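The shown structure was predicted, so the numbers you read here are calculated from the model rather than taken from an experiment.
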Amino acid sequence: MLINLTPQLQKQQASLREALVDLIRIPSVCDEGAGGFPFGPGVDNALRKVLEIAGGLGFRTHYGEGGYYGYAEVGEGQEMLGIMGHLDVVPAGNLEDWATHPFDPVERDGMLYGRGTQDDKGPTLAALFAVRTLMDAGVTFNKRIRFIFGTDEETLWRGIQRYKEREEIPSMGFTPDARFPLVYAEKGLLQCVLEAKNESGLRISGGSAFNAVPDSATLYSTHHDDLAEELHSLKFDFARNNEQLIVTGQAAHAMEPECGVNAIARLCIGLDALGTESGAVRFIAREIGEDPYATRIFGTCEDKPSGKLRLNVGKLDIGDTEHISIDCRIPVTVPKEKVVRKLSAAAQRYGLAYREFDWLAPIYLPLDHFLIKTLARVYGLISGDLITPPIATGGATYARAMDNCVAFGALFPNEPNTEHQPNERAVLKNLYRAMEIYAQAIYELTR
Ligand SMILES: [Zn+2]
């Protein structure tokens, strides 16, 4: 059942837009510890600003733990619906790539440009103002609705962890930080390191992050004619000068390594073909190579809800020690231990020791779960899109932080995904449509 909110929604559109402009103007990029704030003054200002906005809309607000998190609540009742958004943004990157200033929002052709318009200030505010439309319509809530504002989602999730340690956990919820219709499965995310002593004398550095396919890998050496010949015959791209040889690839997100070209893997394949003492190089070349599914190690590892396992060698550093950084996205029904066992056994054969760096457990709610059914139905009714199926992904959202929680919007199918990119922008019409979907969904979930 939908309720008629048309006049209330129309009334809130301008306020939503205005609040978003104010929030985008605050460059809330993580600057750890700066100014005595956990994630710097920008993030703290954004947190205070959103609490001020929520207070103005009639929420009870709380600024938590010196700025690690905040929340805003309305309604009465035992149960609590949680809505988790984040206020930090990724850095703007190269300003020359932007047509307008990332922190001075501009509207063009119905789109609002600025860092955070899509990820995640726009969607968070759309859900916040959605609640206001319900209040304006005289709706009473039989559960409390609590917005939980995170402050370092783009880095290490310390804000949301603090919240979990100290505050009440919602009985269910959603995070407006992905796409519609909704994300019902997120793969397990394992980041680990394989290490050994450097007994080969090689010097290599490649990649800069676990979660990105490296687009370059450098061998520091003055003798590389044989390697150049080998790479040439393999048709791998590279450049060289007197001191180094640089293999080039193509960057991609680690949740879809098949979309990139792993420069580290290519350098290792070339070196291994010529013979090397390095366990790290041989391991990468022989056990993984250019296979994003690492089939040699894991066999066919996939499940119906979430598809294939993905493995990315994100970094390789060979200096005093050998150091491989691996990002692995594990299907939701596959136990982590099984993956760790196979990976560490394979590594051991090359003298490499396994060490876990980070682990985010998977989420998976069956499609007939109350929350999934409700959100999918509301989305379908309002958008008219009855075709796009719920999504399974290798990505990570705050939905993982709590039980009975999924990612829900605010990007529509076919809407360009500009998060983390230059010229990030939100289609305002879609943001208003998202506000409507959130309002109806919150209404349903608080009956
Ligand atoms: Zn986000």
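- Contacts classified as ring-ring contact (aromatic ring centres under 6.0 Å, His included) and involving residues 31-74 (residues at least two apart or in different chains) are given here: Phe39-Tyr68, Phe59-Phe147, His62-Tyr71, Tyr69-Tyr163.
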Atom pairs and distances, side-chain donor-acceptor, residues 9-24, under 3.5 Å, sequence neighbours left out:
{"unit_1": "Gln12", "atom_1": "NE2", "unit_2": "Asp136", "atom_2": "OD2", "d": "3.0"}
{"unit_1": "Arg17", "atom_1": "NE", "unit_2": "Glu107", "atom_2": "OE1", "d": "2.8"}
{"unit_1": "Arg17", "atom_1": "NH2", "unit_2": "Glu107", "atom_2": "OE1", "d": "2.8"}

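- Under the side-chain contact (heavy atoms from CB on, under 4.5 Å) test applied with Asp317, the options His323, Glu322, Arg203 reduce to a single match, His323.
- Residues Val213 and Pro292 have side chains not in contact (no heavy-atom distance under 4.5 Å, counting atoms from C-beta outward).
- Atom NZ of Lys164 sits about 5.0 Å away from atom CD of Gln161, to the nearest 0.5 Å.
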Point to revise | Audit row: Ile204, Val281, side chain to side chain contact (heavy atoms under 4.5 Å, CB included) steps and yes/no | key: CA-CA 10 Å; Ile204 293 175; Val281 169; 4.0 Å; yes
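- Distance check, rounded to the nearest 0.5 Å: CG of Asn414 to CZ of Arg179 gives 9.5 Å.
- The main-chain N or O of Arg425 is found under 3.5 Å from a side-chain atom of Thr418 such that the two form a donor-acceptor pair.
- Ion pairing between Arg158 and Glu32 holds under the 4.0 Å rule for side-chain N and carboxylate O.
- The two residues Ala126 and Leu431 have their closest heavy-atom pair at CB-O, 4.0 Å.
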Point to revise | Derivation and outcome, side chain to side chain contact (heavy atoms under 4.5 Å, CB included), residues Val340 and Leu190 | key: CA-CA 9 Å; Val340 171; Leu190 175 68; 4.0 Å; yes
Could you list the donor-acceptor pairs under 3.5 angstrom formed by side chains in residues 378-392, with sequence neighbours left out?
{"unit_1": "Tyr379", "atom_1": "OH", "unit_2": "Asp385", "atom_2": "OD2", "d": "2.6"}
{"unit_1": "Ser383", "atom_1": "OG", "unit_2": "Tyr379", "atom_2": "O", "d": "2.7"}
{"unit_1": "Ser383", "atom_1": "OG", "unit_2": "Asp385", "atom_2": "N", "d": "3.0"}
{"unit_1": "Asp385", "atom_1": "OD1", "unit_2": "Ile387", "atom_2": "N", "d": "3.0"}
{"unit_1": "Asp385", "atom_1": "OD1", "unit_2": "Thr388", "atom_2": "N", "d": "3.0"}
{"unit_1": "Asp385", "atom_1": "OD1", "unit_2": "Thr388", "atom_2": "OG1", "d": "3.2"}
{"unit_1": "Asp385", "atom_1": "OD2", "unit_2": "Thr388", "atom_2": "OG1", "d": "2.7"}

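- With a 6.0 Å cutoff to the six-membered ring centre and a 45° limit on the axis angle, Arg447 counts as a cation-pi contact of Tyr443.
- For residues 380-429, every residue pair satisfying the ring-ring contact (aromatic ring centres under 6.0 Å, His included) rule, not counting sequence neighbours, is listed here: Trp157-Tyr398, Phe174-Phe408, Phe180-Phe408, Phe180-Phe412, Phe408-Tyr438.
- Using a 4.5 Å cut-off on side-chain heavy atoms (C-beta onward), Thr446 and Ile145 make contact.
- Put simply, the side chain of Asn423 reaches to within 4.5 Å of the side chain of Tyr113, judged on heavy atoms.
- To the nearest 0.5 Å, the span separating CZ on Arg25 from NE2 on His101 amounts to 11.5 Å.
- Looking at Val50 and Leu125, their side chains come closer than 4.5 Å, going by heavy atoms from C-beta outward.
- Listed for the Asn4 side chain is a donor-acceptor partner under 3.5 Å among the backbone atoms of Thr6.
- Atom CG in Leu360 sits 5.5 Å away from atom CG in Leu189 (nearest 0.5 Å).
- Between the side chain of Arg310 and the backbone N or O of Lys308, at least one donor-acceptor pair lies under 3.5 Å.
- Taking every heavy atom of both residues into account, Ile363 and Cys405 meet most closely at CD1-O, 3.8 Å.
- A distance-only check finds no donor-acceptor pair linking the side chain of Arg144 to the backbone of Glu76 [under 3.5 Å].
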Check your understanding: side chain to side chain contact (heavy atoms under 4.5 Å, CB included) between Val339 and Leu309: does it pass, once the steps are laid out?
Key -> CA-CA 10 Å; Val339 169; Leu309 173 146; 4.0 Å; yes
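- Atom OG1 of Thr393 and atom CZ of Arg329 lie 8.0 Å apart (nearest 0.5 Å).
- The minimum heavy-atom distance between Ile160 and Ala401, with the atom names listed, is CG1-CB, 4.0 Å.
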Practice item. Test Gln118 against Leu411 for side chain to side chain contact (heavy atoms under 4.5 Å, CB included), laying out the working first. Key: CA-CA 8 Å; Gln118 267 190 7; Leu411 203 66; 3.3 Å; yes
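- Asp303 places a side-chain N or O within 3.5 Å of a backbone atom of Thr333 that can act as its donor or acceptor partner.
- With a 6.0 Å radius and a threshold of 12 heavy atoms from other residues, nucleotides or ligands, Asn241 has its CG atom above the threshold.
- Between Ala130 and Ala439, the shortest heavy-atom contact is CB-N, 3.5 Å.
- Screening residues 395-417 for salt bridge (Lys or Arg N to Asp or Glu O under 4.0 Å), with sequence neighbours left out, gives Glu186-Arg400.
- Glu79 and Ser171 share a side-chain donor-acceptor pair at under 3.5 Å.
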Under 3.5 Å donor-acceptor pairs involving side-chain atoms of residues 81-92, not counting sequence neighbours:
{"unit_1": "His86", "atom_1": "ND1", "unit_2": "Asp88", "atom_2": "O", "d": "3.0"}
{"unit_1": "His86", "atom_1": "ND1", "unit_2": "Asp88", "atom_2": "OD1", "d": "3.0"}
{"unit_1": "His86", "atom_1": "NE2", "unit_2": "Asp119", "atom_2": "OD1", "d": "2.9"}
{"unit_1": "His86", "atom_1": "NE2", "unit_2": "Glu153", "atom_2": "OE1", "d": "3.3"}
{"unit_1": "His86", "atom_1": "NE2", "unit_2": "Asp177", "atom_2": "OD2", "d": "3.2"}
{"unit_1": "Asp88", "atom_1": "OD1", "unit_2": "Glu153", "atom_2": "N", "d": "3.2"}
{"unit_1": "Asp88", "atom_1": "OD2", "unit_2": "Glu153", "atom_2": "N", "d": "2.9"}
{"unit_1": "Asp88", "atom_1": "OD2", "unit_2": "Glu154", "atom_2": "N", "d": "2.8"}

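- Looking at Ser325, its side chain never comes within 3.5 Å of a backbone N or O of Gly314 through a donor-acceptor pair.
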**Study point:** Evaluation steps, side chain to side chain donor-acceptor pair (under 3.5 Å), between Lys121 and Ser28
**Key:** CA-CA 10 Å; Lys121 292 172 175 174; Ser28 49; 2.8 Å; yes
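- The heavy-atom pair separating Ile26 from Ala46 by the smallest distance is CG2-N, 3.7 Å.
- Contact annotation: the side chain of Phe357 approaches that of Phe210 to within less than 4.5 Å [non-hydrogen atoms, C-beta and beyond].
- Between Arg162 and Glu167 the shortest side-chain heavy-atom distance does not fall below 4.5 Å.
- Side-chain N or O atoms of Glu290 include none that pairs as donor or acceptor with a backbone N or O of Arg266 at under 3.5 Å.
- Side-chain contact between Ser306 and Tyr364 is absent, with no heavy atoms from C-beta onward closer than 4.5 Å.
- Of the possible polar contacts, one joining the Gln440 side chain to the Ile3 backbone as a donor-acceptor pair under 3.5 Å is found.
- Judged by distance alone, with hydrogens and angles left aside, the side-chain atoms of Asp215 form no donor-acceptor pair with the main-chain N or O of Thr248 at under 3.5 Å.
- Between the NZ atom in Lys315 and the CG atom in Asp327 there is a gap of 11.5 Å [rounded to 0.5 Å].
- Under a 3.5 Å cut-off, the side chain of Asn262 and the backbone N or O of Ala265 do form a donor-acceptor pair.
- Under the salt bridge (charged side-chain N to carboxylate O under 4.0 Å, His left out) rule, Glu444 has a single partner from Lys373, Lys143, Arg377, which is Arg377.
- Contact check for Ile318 versus Leu316: side-chain heavy atoms found under the 4.5 Å cut-off.
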